[in-house]
Amino acid sequence: MPMPSAPDKNRRPGAPESRLTQLVEAARYIETHAEERLTLRELAGQVGLSPSRFQRVFKAAFGVSPKAYQDAVRMKRFKTALKEGDDVTGAIFSAGFGSLSRVYGERVRNIGMTPGAYRAGGAGETIAYASRETALGALLMAATGRGVAFVQFGEDPEALLEQLRREFPNADLVASEAQDAPELDAWITALDAHLAGSAPRPELPLDLRGTAFQMKVWRFLLSVEDGDVISYGELAAGIEQPGAARAVASACAANRVAVLVPCHRVLRGDGGLGGYRWGLERKRALLDAERK
């Protein structure tokens, strides 16, 4: 990505050219620290902006979000390492991805279903599912060939399976056996480890299904880093619809993929927890664990 030229140093601070210089410096910082975990709050602090404001002006300047910019740098390093003879595992870690799922998951996680497929309720699809008792109660995860389409907490596996049937009434639901769906078994194990506090949140391929507005909200939530929180208003501003805070809250409530699409990181403007589809106790537990 070509860098814009530096502006006149005599320009007053805060002028558009001065801001552009700061954004260029932030982009170069991302390039030189691409292998590290860079939070939106950390990058925004270097420019003196709020995370949501930084997200908007960075994307306006470079055409992509800071996270997408970092992923592009990592992918370039990954391909270079492979060309230079590194094995796949070595190239993954030298590029800063940390796992195979992060190399291939980023592209898949941006794929949403068409409105027609969404309304079809999973017709013609096979969806594998598995349940697990976790630190936050019963959890059921389900996945298509594209990725995880359903992660929900509940009172018991039977009730969760009935919820899955309601979400995808026309799909062929198949209980996972490890030999038939090893990825799903590994994914739910990784998420269980995260909920128990012994592992970071796994970066898994997602098969998100929703309206165009819901997809914008969920995709923005994927850019909110572990340990960070934003308000419903900041989330609405982040998708360039600053008057849509209530609609944003409704989109969060419609999220089918708990934790992996981190709607628990959205708070009220006064810092209160707000709502959470799977209960405020779970929301508080998730936030407390991430703050640690």
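Every value quoted in this text rests on a predicted model; they were computed, and no experiment measured them.
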Quiz item: Where do F153 and R282 land on the side-chain contact (heavy atoms from CB on, under 4.5 Å) test, with the steps shown first?
Solution: CA-CA 9 Å; F153 296 101; R282 288 191 176 102; 3.5 Å; yes

Quiz item: L287 and L273: side-chain contact (heavy atoms from CB on, under 4.5 Å), yes or no, with the steps?
Solution: CA-CA 10 Å; L287 290 173; L273 286 178; 3.8 Å; yes

Quiz prompt | Derivation of the side-chain contact (heavy atoms from CB on, under 4.5 Å) call for R132 and D185 | solution = CA-CA 10 Å; R132 189 73 54 89; D185 188 67; 3.9 Å; yes

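A heavy-atom distance below 4.5 Å is found between the side chains of I30 and L43. No side-chain heavy atom of R209 sits less than 4.5 Å from a side-chain heavy atom of V257. Between L140 and V151, the closest side-chain pair of non-hydrogen atoms is not below 4.5 Å. Residues Q152 and R277 are in side-chain contact: their nearest non-hydrogen atoms beyond the backbone lie under 4.5 Å apart. Looking at D192 and L139, their side chains never come closer than 4.5 Å, going by heavy atoms from C-beta outward. No side-chain heavy atom of F220 sits under 4.5 Å from any side-chain heavy atom of S65. Residues W187 and M141 meet the side-chain proximity criterion, which asks for heavy atoms closer than 4.5 Å. In this structure, the side chains of V217 and Y232 stay at 4.5 Å or more apart for every pair of heavy atoms.
In this structure, A130 and L184 approach most closely via the heavy-atom pair N-CD2, 3.9 Å. For the residue pair P200 and H194, the shortest heavy atom distance occurs at C-ND1, 3.3 Å. Closest approach of V266 to C252, counting heavy atoms only: CG2-SG, 4.2 Å. Nearest heavy-atom pair across P51 and L40 is O-CD2, 3.7 Å. L260 approaches P202 most closely through the heavy-atom pair CD2-O, 3.7 Å. Residue H33 comes nearest to L38 through the heavy atom pair O-CD1, 3.7 Å, listed as atom of the first residue, atom of the second, then distance.
In this structure, F150 has no ring pair (Phe, Tyr, Trp, His ring centres under 6.0 Å) partners at least two apart in sequence or on a different chain. Listed by chain and number, the residues in a ring pair (Phe, Tyr, Trp, His ring centres under 6.0 Å) with F54 are F58 (sequence neighbours excluded).
Under the 4.5 Å side-chain heavy-atom criterion for ILVMFWY residues, a single connected hydrophobic cluster contains both L280 and V229.
The closest donor-acceptor contact from the side chain of K216 to the backbone of I239 lies under 3.5 Å. For the pair Q214 (side chain) and A251 (backbone), a donor-acceptor distance under 3.5 Å is absent. Checking side-chain atoms of W218 against main-chain N and O of C263 turns up no donor-acceptor pair under 3.5 Å. Side chain of S250 to backbone of R246: a donor-acceptor contact under 3.5 angstrom is found.
Crowding of E240 atom CD: a count of heavy atoms from other residues, nucleotides or ligands under 6.0 Å not exceeding 12.
With hydrogens and angles left out, the side-chain atoms of E281 and Y276 include no donor and acceptor closer than 3.5 Å.
Screening residues 257-266 for salt bridge (Lys or Arg N to Asp or Glu O under 4.0 Å), with sequence neighbours left out, gives D226-R265, R265-E290.
Interatomic distance, CD of E42 versus OH of Y29, reported as 4.5 Å (0.5 Å rounding).
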